[in-house]
There are 2 protein chains.
Amino acid sequence: MSRQVFIGHRPDSMAARWRAAFPDLVLAERADSLDDLSDADSVWIVTDLPDWKAQIETASATGATVVGLSLNPNQEEGLQALEAGARGYLHALATAEVLQQVVTAVRSGGLWVGPELLRLVVRTVSARLSDGRPPNSSLLDSLTPRERQVAMAVVTGASNKEVARSLDITERTVKAHLGVVFEKLGVRDRLQLALRLGNTQTEVETTQ
Amino acid sequence: MSRQVFIGHRPDSMAARWRAAFPDLVLAERADSLDDLSDADSVWIVTDLPDWKAQIETASATGATVVGLSLNPNQEEGLQALEAGARGYLHALATAEVLQQVVTAVRSGGLWVGPELLRLVVRTVSARLSDGRPPNSSLLDSLTPRERQVAMAVVTGASNKEVARSLDITERTVKAHLGVVFEKLGVRDRLQLALRLGNTQTEVETTQ
DNA sequence: CCTCCACCTGTCCATCGGTCCAATAGGCAC
DNA sequence: GTGCCTATTGGACCGATGGACAGGTGGAGG
């Protein structure tokens with residue numbers, strides 16, 4: 001049903017397994033070699049490319065769902081793939097069945113990572129939480145719920161367009177909310193907002 | 001096909017949407033009120049319960065796939081849901097279509113969270129991994145002294161113009177350095193650069 | 001009813017930010 | 001010398017961003 005594009009150095013060795021899962025897939029050497037890449041709803045990129053990270057970024061920028069494939073999967077690389085915009089990460093030699101499950105998951109808006117990486121993610125997140133870093137809610141209290149949502153989305157690195165999509169509002173509205181947020185918190189742009197809200201650990205003390 | 005169990009305080013107000021997605025779902029007040037909860041392969045728990053976290057833990061302990069539902073979704077709560085064992089987290093009033101997508105994703109072994117939360121999770125994990133000192137130092141080590149200066153200045157919230165002034169170079173040169181920094185660190189803009197270097201932030205020294 | 005507020009949207013516009021096309025010049029290694 | 005890295009700058013291009021101005025809705029409360 002969906003159009004699958006596989007990008008990698010030596011797709012030949014793996015083509016068989018992939019074709020078993022997706023009979024009518026497309027093989028390519030690079031993401032930019034396909035002008036109609038946006039037509040593909042699932043792009044699989046093998047991490048044996050020297051610039052696989054950039055490939056993932058460009059591919060995901062087109063709106064396609066990207067999955068990272070590795071011949072030697074490890075957590076570090078998996079995280080980098082996710083950071084680059086991949087929605088999935090698994091072994092390049094996975095069985096057809098697994099491939100189909102993954103594509104089902106990611107095409108449904110999900111994130112697919114192996115059990116170990118998933119456990120790592122959850123465990124790390126809990127560790128983070130138990131760290132007991134107090135969310136500086138004092139600043140957020142001055143914001144309306146919607147403004148808070150926009151602000152929180154922005155400080156994760158989202159663009160106005162992305163925030164608009166995820167909140168299902170116009171980009172213009174995002175700007176409006178952001179403008180109010182900037183004024184309320186006394187910052188001039190999104191970067192200073194991120195520093196002000198100190199989502200990491202760096203508390204920026206100013207007023208109060 | 002799959003058996004859906006919804007657990008929440010006032011499922012009535014949301015029951016309609018849920019039934020639209022899953023005609024033969026089961027509503028419950030508590031997780032332990034169903035002895036056959038293990039039969040259910042998807043359990044949806046609304047976070048308006050006082051002990052929703054414990055509910056998620058017990059439900060996921062039975063092996064069921066748990067999804068957290070919130071009437072007022074936020075990242076903090078989402079993280080806690082994941083920590084408790086949920087495989088998904090979304091708005092309690094999501095459309096039937098979204099609900100089905102989510103269940104498809106999580107039943108396929110995936111994890112479903114909103115875009116911002118996903119970004120937050122990925123960043124949290126990668127930041128945590130970088131805490132182990134070798135990677136973060138290597139991050140800055142990959143930069144030339146000048147690039148480091150520019151990057152450090154930028155992550156404090158300075159504009160290109162300001163950086164140019166403080167380093168006594170042209171704004172054009174700042175852009176050039178920044179471009180290299182972005183590529184080396186695999187980020188797309190200054191905000192993501194700040195997020196990436198944020199947890200590493202120790203000494204910010206711009207020659208002056 | 002009327003007002004205040006949160007929320008949402010539009011158009012226009014100045015600027016900023018990031019990238020692509022370059023080029024020049026010093027330092028250092030082989 | 002020849003090559004490589006670093007630092008610097010120019011110009012042009014275009015998308016992203018933030019502000020100004022000008023509205024729309026609906027709900028809560030006087």
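The chains referred to below are lettered A, B, ... by the order of the sequence lines, with proteins before strands, and numbering in each begins at 1. Every value quoted in this text rests on a predicted model; they were computed, and no experiment measured them.
Scanning all heavy atoms of the two residues, the minimum distance from B:Ala86 to B:Gly68 falls at CB-N, 4.2 Å. A:Leu71 and A:Ala92 get closest at one heavy-atom pair: CD2-CB, 3.9 Å. Counting all heavy atoms, side chain and backbone alike, B:Val46 lies closest to B:Trp52 at O-CB, 3.8 Å. Listed here is the closest heavy atom pair of A:Tyr89 and A:Ser70: OH-CB, 3.4 Å.
The CZ atom of A:Phe6 lies 5.5 Å from the CG atom of A:Leu25; values are rounded to the nearest 0.5 Å. Residue A:Glu77 holds its CD atom at 3.5 Å from OG1 of A:Thr47, rounded to the nearest 0.5 Å. Distance CZ/A:Arg188 to CG/A:Leu193: 13.0 Å, rounded to 0.5 Å. Remark: A:Arg190 CZ to B:Asp189 CG distance equals 8.0 Å, nearest 0.5 Å.
Using a 4.0 Å cutoff to heavy atoms of chain A, the contacted part of DNA chain C runs 5' to 3' from C:dA6 to C:dT11.
Every residue meeting the side chain to side chain contact (heavy atoms under 4.5 Å, CB included) condition with A:Glu171, not counting sequence neighbours, appears here in chain and number order: A:Asn160, A:Lys161, A:Ala164, A:Lys175. Here B:Ala176 pairs with B:Arg172 under the side chain to side chain contact (heavy atoms under 4.5 Å, CB included) rule; sequence neighbours left out.
Separating the CZ atom of B:Arg148 from the C1' atom of D:dT6 is a distance of 13 Å, rounded to the nearest angstrom. Taking atom CD of residue B:Glu171 and atom C1' of nucleotide D:dT9, one finds them 12 Å apart after rounding to whole Å. Rounded to whole angstrom, the span from the NZ atom of A:Lys161 across to the P atom of D:dA16 amounts to 5 Å. Protein atom CD of A:Glu183 is 11 Å distant from nucleotide atom C1' of D:dG19, rounded to whole Å. Put simply, CD1 on B:Ile169 is 11 Å from P on D:dG10, counting in whole angstrom units. B:Asp168 places its CG atom 16 Å from the P atom of D:dA7, with the value rounded to the nearest Å.
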Shorter than 3.5 Å, N or O on both sides, protein versus nucleotides 21-24 of chain D: list them out with atom names.
residue	atom	partner	partner atom	Å
D:dC21	N4	A:Arg172	NH2	3.3

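Among pairs with a residue in residues 176-186 of chain A, those fulfilling salt bridge (charged side-chain N to carboxylate O under 4.0 Å, His left out) read A:Glu147-A:Lys184, at least two apart in sequence or across chains.
Contacts between residues 173-182 of chain A and DNA chain D, defined by a heavy-atom separation under 4.0 Å, are made by A:Lys175, A:Leu178, A:Gly179, A:Phe182.
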